[in-house]
Asks: 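One structure follows; several queries about it will come next.
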Amino acid sequence: MGKLLFLILGLALGLLLARYLRGQRARRDLSAPPPRTVPPPMVRVGDERIDNDEIRDLIRQDRKIEAIKLVRERTGLGLADAKDAVEALERTMR
């Protein structure tokens, strides 16, 4: 009889705990978007500044591939790093 009472008490406590945790989750506002971070005003790769008028003009003309090539020539970066730098610069232009 003592084991049955202990089992029922444990089940009741488990249900109360589940209801409490479900209520905590409902109180959080999940519909709000995460805070937006402000991009840096200029993009740097190592010590070299990528923020160049010629590169900006290429980005404005939707010639991103040529901008990436120009960054690669001037900095010696790999393709992925140059692409990331150009995309970061593009984000600062918005």
Side-chain angles (χ1 to χ4, degrees):
M1 184 70 179
K3 290 181 182 180
L4 182 62
L5 182 61
F6 186 70
L7 180 66
I8 292 172
L9 184 60
L11 182 62
L13 285 174
L15 290 173
L16 287 173
L17 180 63
R19 177 177 280 183
Y20 172 76
L21 292 176
R22 197 173 318 133
Q24 289 292 330
R25 192 176 329 132
R27 287 187 200 136
R28 281 188 261 147
D29 185 15
L30 299 177
S31 63
R36 188 168 177 227
T37 58
V38 178
M42 82 176 123
V43 178
R44 289 186 176 270
V45 176
D47 293 334
E48 196 161 338
R49 186 174 165 206
I50 300 298
D51 194 1
N52 182 329
D53 289 334
E54 188 177 357
I55 295 170
R56 285 180 177 270
D57 289 338
L58 289 172
I59 292 171
R60 281 188 200 102
Q61 297 169 10
D62 290 329
R63 295 166 53 191
K64 195 185 321 186
I65 293 174
E66 292 176 36
I68 293 169
K69 286 180 183 179
L70 188 59
V71 169
R72 290 187 72 194
E73 288 174 9
R74 292 186 179 173
T75 62
L77 290 173
L79 180 61
D81 293 332
K83 179 180 176 282
D84 291 341
V86 168
E87 288 175 348
L89 180 58
E90 184 179 25
R91 283 191 298 271
T92 64
M93 293 170 55
R94 291 183 188 163

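Just so it is clear, the values below take in all heavy atoms, side chains as well, and ignore hydrogens, waters and symmetry mates.
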Asks: How long is the span from the CG atom in Leu77 to the CG atom in Asp84, to the nearest 0.5 Å?
Replies: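 Result: 9.5 Å between the selected atoms.
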
Asks: Which other residues end up in the same hydrophobic cluster as Leu4, if Ile, Leu, Val, Met, Phe, Trp and Tyr are linked when side-chain heavy atoms come under 4.5 Å apart?
Replies: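 So far as hydrophobic clustering goes, Leu4 is joined with Ile8.
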
Asks: Under 4.0 Å between a side-chain nitrogen and a carboxylate oxygen: does that hold for Arg60 and Asp57?
Replies: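 Judged by the 4.0 Å cut-off on N to carboxylate O distance, Arg60 and Asp57 do form a salt bridge.
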
Asks: With Arg63, which residues qualify under side-chain hydrogen bond (donor to acceptor under 3.5 Å, both in side chains), at least two apart?
Replies: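 Per chain and number, Arg63 pairs via side-chain hydrogen bond (donor to acceptor under 3.5 Å, both in side chains) with Gln61, Glu66.
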
Asks: Can you give me the closest heavy-atom contact between Ala67 and Ile55, atom names plus distance?
Replies: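 Looking at all heavy atoms of both residues, the shortest contact is CB-CG2, 4.1 Å.
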
Asks: Test side chain to side chain contact (heavy atoms under 4.5 Å, CB included) on Leu89 and Thr92; report intermediate values, then the result.
Replies: CA-CA 5 Å; Leu89 180 58; Thr92 64; 3.6 Å; yes

Asks: Please report the interatomic distance CG(Leu70) to CZ(Arg74), rounded to the nearest 0.5 Å.
Replies: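 Nearest 0.5 Å value for the CG-CZ distance: 4.0 Å.
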
Asks: Please identify each residue that fulfils side chain to side chain contact (heavy atoms under 4.5 Å, CB included) with Leu79, with sequence neighbours left out.
Replies: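 Checked Leu79 against side chain to side chain contact (heavy atoms under 4.5 Å, CB included); matches are Ile68, Arg72.
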
Asks: Sequence neighbours left out, what passes salt bridge (charged side-chain N to carboxylate O under 4.0 Å, His left out) with Lys64? Give chain and number order.
Replies: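 Here the qualifying residues are Glu87, Glu90.
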
